[in-house]
Every structure is written in structure tokens, then in C-alpha cells.
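For reference, the structure discussed in these notes is given below.
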Amino acid sequence: MNRNEPNDATPDAAPDAPHRHFIQQIIDMDVASGKWGAPGDRSVVKTRFPPEPNGFLHVGHPKSIVLNFSIAAEFGGSCNLRFDDTNPEKEEQAYVDSIIDSVRWLGYQWPGCVEHATPGEPAFYEGVRFASDYFEQMHAWACELIERGLAYVDEQTPEQIKLARGDVKKPGTLSPFRDRPAPESLAEFRKMTEGAFPDGSRVLRARIDADPVSKNPAPMASPNMNLRDPVMYRILNRAHHRTGATWHVYPMYDWAHGLEDSIEGITHSLCTLEFEAHRPLYDWFIRAINGEIPSPGAVPGVSRTAPREPRIHHPQQIEFARLNPTYIVTSKRKLRQLVEDGHVTGWDDPRMPTVSGLRRRGVTPEAVRTFCAGVGVTKFNAVHDVALLENAVREHLNKVAPRRMAVLDPLKVTITNWDRETEWFDIPNNPENAADGTRRVPFDSVIWIERGDFMEDAPNKFFRLKPGGEVRLRGAYWIRCNEVIKNDAGEIIELRCTYDPQTRGGDNPPPDAEGKVRKVKGTLHWVSVAHAVEAEVRLIDRLFLAEQPGKRTGDPVDDLNPESLKILNGCKLEPSFAAEGEGLTLLKEPGWSDGIRRFQFERLGYFCLDPDSTPGRPVFNRTVNLKDSWAKANK
RNA sequence: GGGGCAUUAGUGUAACGGUAGCACGAGUGAUUCUGGUUCACUUAGUCAAGGUUCGAAUCCUUGAUGCCCUACCA
């Protein structure tokens, strides 16, 4: 590309060009140089999201999902969803379904993906790749490597192998089987494949000699332990959730992963930092298959030495730092412990940092994507403030969530001078967007207000209701508190107030005789007692109290927030939640991409309808509270 | 007694040898029929020491600190 060409500035050369992270920069250069195709052809870029189906996706995974899919979209290439199902001991079909579901929920599609398919039906899996689909090919390549003297069957016990590997500071010792004749290894490997041996009795190992490219100084002496004759296949006489009883040997991740990417033509294999030290091994395997590693003279019976044609595709691996949010654990083991020990109700408990938990909590896929894009892509082990996620959630929900009034902790208020029938007010669904229309809310002589919105001995700064004080009831009237009624125990059970007819709709009353306008500082939400819908509301708070759970004692359980879930019963909702009719208009709701109904309960926070709801009894989860500068000031 | 990677306001992230910006957080004020939203302002930073250079967050050296690597897990 001629950089001196006048006036032909590329878009990314503009002074205000958006920042491109280091992975985008690498891909930009690869595209420009024609590394994978015709120079400048952006559509050659192929990525993939390669989860192992051994658990549920957690908050960390979307970063990788967003990265891989958005890069493919940006370049006009494609991103595969591929399961790394090489370990039948840990993997299950149920996890496959859950992961596909989560990726779909996040809003991404892979080549061949069929929209709106449900788990279990064939369309749901359309286009999804599986490492197990490539087992045959990988096995054939392994046999080639054996024939070329680059892999051997080792009959040592796992303990012997471990010991002989040495450690990071000391070289290991060579296996006595390392130089056995190639045909012998091949015969053994075939017998392993047929199921002739018990688990753990033999493995296929790569035979890695000194090699300048991977910086291996000598056999079994690399400071990179991954290069000390790693295991390629182990015997597992066990059925696989997809291939059934076909196989008795299964490939190890290090052998399989790079080959899966190669088979799919992945150009950029994006993964997390801990795989950095594995990259030389992946590269060695591909080079070996491509005939770039010479056959060792020490192995007798080498039957083929010719380089393989055509050569297989060699993807480029690039590592980035994983997502690491505060107040959250992401280790699969620790998440499992939370579920199994009953600290939460399940993998989709709204407090769980799983994708299904976030979804049930009411977090939107849009917010998750914004959050992931916001944390950036670097090689720095960062700690990400959850406030950033919460901010993304509030930002999205504030724009689109319909407003409703809900009283969580009700206190009865009687309007003593109300002498009319029910009055219906049209209240905006969302002050942020007039196009969202209005809903009808009934006002009557007895209403509920939030217990916390009244104080008998209120400080000066308390703008809400107090004896003798006046507040606005949102969208209705101003009321003044004249009387506080208590029970025998001294608890406030009712407030007796008067309303001002001149404040209809909540507007300011006209100026008095001297031209002074009466003002009120507080506006309260309220619900008519006669029309209220009863609901259960689950106040979700962070699961852990510590920024980095478990750092203190080693066990995150010690940092659990005992108040992470408060279940409130007898909450009062305005009746527009119920069915239409009786002068009610159901409010217009946004087209939620996942069908989950979310609302802002005015002055309280964002809430979503939980699947536990029944027709007569809605259940809501609090996704996140509204910012509350009053509560903050009182801390 | 090895190797790899990293280090910029409280947190995260830009600046790619040439003015250290942005977002979140925190704080102050204004607006507001949500103590929400919005708006304005304030806050605070190149891990350390040397070197190269007219000029260094950026390049080099040394050190410090953090993370990762010694599964027949991924």
C-alpha cells in the first residue's frame, strides 16, 4: 500500500479514527499484506468461539464471544461456534444446549445458524461445529506423525511420566520408549484405538527434539514444559456424548485445538493469556504435519519422510487478558460449589455470575455487549469494576424500560377530603421518550406509599412526607400529612392526609394572592389500594461483599453477602401490570430481544418479570437499583 | 535455580519518538413531576533507576512488582 498517495487517506488514518486494539491492528496488517488471501480482502478473516461443554458460561465468556463475533462482523468474515468436546469425562449434552442458548441470547449468529430455534430440535444446532467431528482426521494425522518418527507410544505409568518430565528449573529424562521403532508405536496406537488396553496404560506422546523455531534447547529440557514430549492421546474407554462408543482414545487439548482451528480455516485464534506458552506447541504440531520438522534418525522404521501436500492451514494464535470483574467469582469449580452447597438456588439464580443468571436477573444482552466493548482488549491482567457493568445496564434500561409505580414496603394513606369516584391519570411510560405513550393509573381515597417515604422526626434535608409536610404524588395530586395513626405497639399504621384539588396531575398550584408559587421538594410513587396488584419482589444484591471474593481466607464462601437476596411479599403494583380492561391500557413495551419483560419501578430501580410468576401473582427480580444520592449521603 | 507475559489518575483504557486524552467512580453546582435522567465544573496518572535522542509513556539496560507455566483438564 502506498502511504504517500495524496488525498487517498484510508478511514483509519483519519485523526479522529476510533481506537483499534492490538488484535485489530494485527488483523489490519495481515489483511493489508495478504497473509491469508488477496491483499486487502477483509472477508478472509475467520474467528471462532471454542467453549468446552463442561459447565455453564459465566460473565467472563462474553468478552471472548463479543471479541470473536464482532471482529468477524467488522471484517465481513465469519465466526464459528465450536465445542471443544475432547474430554468425555467432563462434558455433557446439557452444557452444549445451555452454551448455544447463551450465545444466541447475546445476539450472535454463526455461519448456518437458524434463528429462533429451541434446544433439542435439529435447527438449534445447525452450523454448530464440534471437535469430535474431526476426531478421524486428527487420528490420521497422529498416525502420520508416528510413521515419521515424530510421535511414540509410551508405556510408562502416569507417575513415571510426570517424574521424568522434570520441573521448570530442571531438565527431565528421556522415556525408555522414546526411540522404539515407528511401526511398533503405530501398532500399539492402533490397538489403543481399538480398546485393547485399560485406561492410563499407554499414551501417545509427541517426540520433540531440539528445535530453534520453538526454542527447544534439547529433548525434555525446554524451560517451556509444554515442549517436554507432551501427551497427544490418552486411553479413555468411555462413551462420548456425541461419538458414543466409537473411540477408546481421545485427543488432548493441546494436540486437538490448533488442528480444529486449522481444519476450519480460522485465521486468528484468539484466546486468553494462559495459553501463551502453548503457542509454540501448536505451531510445532502444524509444522510437523506439514513436514517442516525432520524425522529423527534415532527412530528406526520411519516409513515416510516426504512433506505433506497440500499443507494444512496454519492459524495465528493471539492471546488477550480475560475479563475479571470485582465482587464476582468465575472459576467453574467455585461456581459449582455455590450451587451444590445451596448458597444459591441454581445455575440460573439471578445472583449467579453465569450468563443464564445475568439473563434471569434482567441484565440485557445489549448491556453485556456494551460492557465487554468498554473494558477493552489488552494483555494486562486487569480488575474490572462491576460498576461499569451496572452503568451499562442502567444506561440501556433508562432509555427503553417502561416506568411503573410499585410500592415495596406499603404504608396506608387515607385522603380524608376525597369525596369522589376513582380518577384515572394518564402517566408517561417513559419520560425519556414521549413516543412510548402513556398508561392509565387509578387514583382513589386510599393509597399505598413507601414506608420509607415517611418520617415522623425528619431531618431538614428529608424532602419526603413528614407531619404537616406536603409532597407530590407522581402524576396525581399534592397531599399534606395531617395525622399519624399508630397501633398499640407504637408502630405507624396509617397516615391521614388531605389532597389539594388545584394540583391535579401533579402540577404546581396557581400563585396565591401575593403572587407566590407554592413549591414542593418531594415526589412520591404510590398505588391505589383498591386497584393494587399483589406481587412478590426479590431484591437481588451482589453475591459477595469482597471485591475479590476468597482473597482474604482462600474461600469465597467466607465473603458471601448474607443479604444478597431479600424476598418481599405483599408488594403493591399499579394495575397496569394486570390484564387490559376496566379503563386500563397496557403500556407499550419495547421489543425486548429476549422476550423478558423489564420495567423501571419509579424511584426504586429496574426489575424484570421472573419465570416463577403465575397468572395471578407476578414475581419480579431487581436487576439493579437506581442511583440514590439521598441514600449515599446518609451513609 | 528456569522461562513467558505484563505495568499510564481510585478502576479500566488511549496516545505507536513530538500538547498525556477518554470512560467509569468520587466530589461540587444547575436543571428536573423519579433525591433518577441530563448539563457544567472539580479531582487525580506514565512502577523505579540509568541510558539513547533536539525530544521518551513509547526505544535500550538493570531492578521492582504482578500474572502464567511442572494434568493422561481445557
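Per chain, numbering begins at 1; letters A, B, ... match sequence-line order. In this text the structure is predicted, and so the values were computed from the model without any measurement.
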Query - Of the listed nucleotides B:rU34, B:rG1, B:rA15, the one nearest the side chain of A:Pro431 - result: B:rU34
Query raised in the report: Is there a donor and acceptor pair, one atom on the side chain of A:Arg403 and one on the base of B:rU34, closer than 3.5 Å?
Result: yes
Report summary line: Across all chains, not counting sequence neighbours, the ring pair (Phe, Tyr, Trp, His ring centres under 6.0 Å) partners of A:His257 are A:Tyr253
Query - Sequence neighbours excluded - side-chain hydrogen bond (donor to acceptor under 3.5 Å, both in side chains) pairs with any residue from residues 213-230 of chain A - result: A:Tyr152-A:Asp229, A:Arg178-A:Asp229, A:Asp211-A:Ser214
Query raised in the report: Between A:Phe607 and A:Phe620, does the ring centroid distance fall short of 6.0 Å?
Result: no
Report task. Based on the glycosidic angle (syn within 90° of 0, else anti), state the conformation of B:rA6. Result -> anti
Report task. Could you grab the distance from atom CG of A:Asp254 to atom OH of A:Tyr282, nearest 0.5 Å is fine? Result -> 4.5 Å
Requested in this report: Take atom P in B:rU58 and the same atom in B:rG25, then report the distance between them in whole Å.
Outcome: 31 Å
Query raised in the report: Does the side chain of A:Lys627 get closer than 4.0 angstrom to OP1 or OP2 of B:rG25 through an N or O atom?
Result: yes
Query - Sugar-phosphate only, base, or nothing, as touched by A:Phe371 at under 4.0 Å among non-hydrogen atoms - result: nothing
Report all interatomic pairs (protein N or O, nucleotide N or O of nucleotides 28-32 of chain B) with separations under 3.5 Å.
none

Query raised in the report: Could you give the CG-to-P distance, from A:Asn324 to B:rU13, as a whole number of Å?
Result: 11 Å
Query raised in the report: So what does A:Glu276 hit on the nucleic acid, given a heavy-atom distance under 4.0 Å: a base, only sugar-phosphate, or nothing?
Result: sugar-phosphate
**Report entry** ring pair (Phe, Tyr, Trp, His ring centres under 6.0 Å) partner of A:Tyr233, the single match among A:Phe189, A:Phe197, A:Trp247
**Finding:** A:Phe189
Query raised in the report: What distance, rounded to whole Å, do you find between the two C1' atoms, one in B:rU8 and one in B:rA15?
Result: 10 Å
Query raised in the report: Which value, in whole Å, describes the distance between the C1' atoms of nucleotides B:rG10 and B:rG17?
Result: 30 Å
Query raised in the report: Taking the same atom, P, in B:rA6 and in B:rC59, what whole-Å distance lies between them?
Result: 11 Å
Query raised in the report: Taking only side-chain nitrogens and oxygens of A:Thr378, does any of them come within less than 4.0 Å of OP1 or OP2 of B:rU13?
Result: yes
Report task. For A:Phe380 and B:rA6, say yes or no: do the ring centres fall under 5.5 Å of each other while the ring planes differ by less than 30°? Result -> no
Query raised in the report: Roughly how many Å is it from NZ in A:Lys521 to P in B:rU34, rounded to a whole number?
Result: 13 Å
Query - Side chain A:Arg464 and base B:rG35 donor-acceptor under 3.5 Å - result: yes
**Report entry** Nearest-0.5 Å distance, CZ of residue A:Phe135 to OG1 of residue A:Thr243
**Finding:** 5.5 Å
**Report entry** Nearest-angstrom distance, P atom, B:rA48 to B:rU11
**Finding:** 15 Å
**Report entry** Phosphate contact (B:rG36 OP1 or OP2) by A:Ser629 side-chain N/O below 4.0 Å
**Finding:** yes
Listed pairs under 3.5 Å, donor-acceptor, residues 376-386 of chain A side chains, sequence neighbours left out:
residue, atom, partner, partner atom, Å
A:Thr378, OG1, A:Phe380, N, 3.2
A:Lys379, NZ, A:Glu276, OE2, 2.8
A:His384, ND1, A:Asn324, N, 3.1
A:Asp385, OD1, A:Ala387, N, 3.0

Report task. Taking side-chain contact (heavy atoms from CB on, under 4.5 Å) as the test, write out the residues that go with A:His248, two or more places apart. Result -> A:Asn237
Query raised in the report: Who passes side-chain contact (heavy atoms from CB on, under 4.5 Å) against A:Asn625, sequence neighbours left out?
Result: A:Arg394, A:Arg622
**Report entry** Under-4.0 Å side-chain N/O to phosphate OP1/OP2 contact, A:Lys632 with B:rA26
**Finding:** yes
**Report entry** Shortest side-chain distance from A:Gln25, nucleotide among B:rC24, B:rC16, B:rG36
**Finding:** B:rC16
Report summary line: The answer to which of A:Thr503 and A:Pro171 contacts RNA chain B further toward the 5' end, by nearest nucleotide, is A:Pro171
Query - Between P of B:rA6 and CD1 of A:Ile318, the distance in whole Å - result: 13 Å
Query raised in the report: Whole Å only: how far is the CZ atom of A:Arg279 from the P atom of B:rG3?
Result: 18 Å
**Report entry** Summary of protein contacts for nucleotides 64-74 of chain B, nucleotide by nucleotide, where a base hit scores B, a sugar-phosphate-only hit scores S (4.0 Å, heavy atoms)
**Finding:** ---SSBBSBSB
**Report entry** Residue mapping more 5' on RNA chain B - nearest nucleotide basis, A:Leu473 or A:Val375
**Finding:** A:Val375
Report task. Consider the side chain of A:Arg474, meaning its heavy atoms from C-beta on, and name the nucleotide among B:rG2, B:rU34, B:rC24 that approaches it most closely. Result -> B:rU34
Report task. Specify the separation, in whole Å, of atom NE2 of A:His525 and atom C1' of B:rU34. Result -> 10 Å
Query raised in the report: Expressed as a whole number of Å, how far does the P atom of B:rC41 sit from that of B:rC68?
Result: 42 Å
**Report entry** Residue list, ring pair (Phe, Tyr, Trp, His ring centres under 6.0 Å) with A:Trp526, at least two apart or on another chain
**Finding:** A:Phe443
Report task. For A:Asn508, answer base if it contacts any base atom (sugar-phosphate contacts may also be present), sugar-phosphate if it contacts only those atoms, and nothing otherwise; contact means non-hydrogen atoms under 4.0 Å. Result -> nothing
Requested in this report: List for me each residue that meets side-chain contact (heavy atoms from CB on, under 4.5 Å) alongside A:Ala392, sequence neighbours excluded, and say none if there are none.
Outcome: A:Ala367, A:Thr370, A:Phe371
Query raised in the report: Atom NZ of A:Lys379 to atom P of B:rG12: distance rounded to whole Å?
Result: 18 Å
Query raised in the report: Any stems for RNA chain B, made of 3 or more Watson-Crick or G-U pairs in a row, each with both distances under 3.5 Å?
Result: B:2-7 with B:64-69, B:10-13 with B:21-24, B:25-30 with B:38-43, B:47-51 with B:59-63
Report task. Take the angle between the ring planes of A:His278 and A:Phe275 and call it parallel below 30°, perpendicular above 60°, tilted in between. Result -> perpendicular
Query raised in the report: Where does the angle between the aromatic ring planes of A:His241 and A:Phe130 fall among parallel (under 30°), tilted (30 to 60°) and perpendicular (over 60°)?
Result: perpendicular
Query raised in the report: Any idea which of B:rG35, B:rU11, B:rA26 is nearest the A:Val383 side chain?
Result: B:rU11
**Report entry** Pairwise C1' distance for B:rA71 and B:rG63, with rounding to whole Å
**Finding:** 35 Å
Query raised in the report: Could a donor-acceptor pair under 3.5 angstrom be found where the side chain of A:Gln600 meets the base of B:rU34?
Result: yes
Requested in this report: Could you check how far CG of A:Asp436 sits from P of B:rU34, rounded to whole Å?
Outcome: 17 Å
Query - Contacts of type ring pair (Phe, Tyr, Trp, His ring centres under 6.0 Å), residue A:Phe56, not counting sequence neighbours - result: A:Tyr95, A:Trp347
Report task. Just jot down the salt bridge (charged side-chain N to carboxylate O under 4.0 Å, His left out) partners of A:Arg518, sequence neighbours excluded, or say none. Result -> A:Glu470, A:Asp500
Query raised in the report: If the C1' atom of B:rC73 is compared with that of B:rU46, how far apart are they to the nearest Å?
Result: 40 Å
Query raised in the report: Can you check the A:His21 NE2 to B:rG12 P distance for me, whole Å?
Result: 18 Å
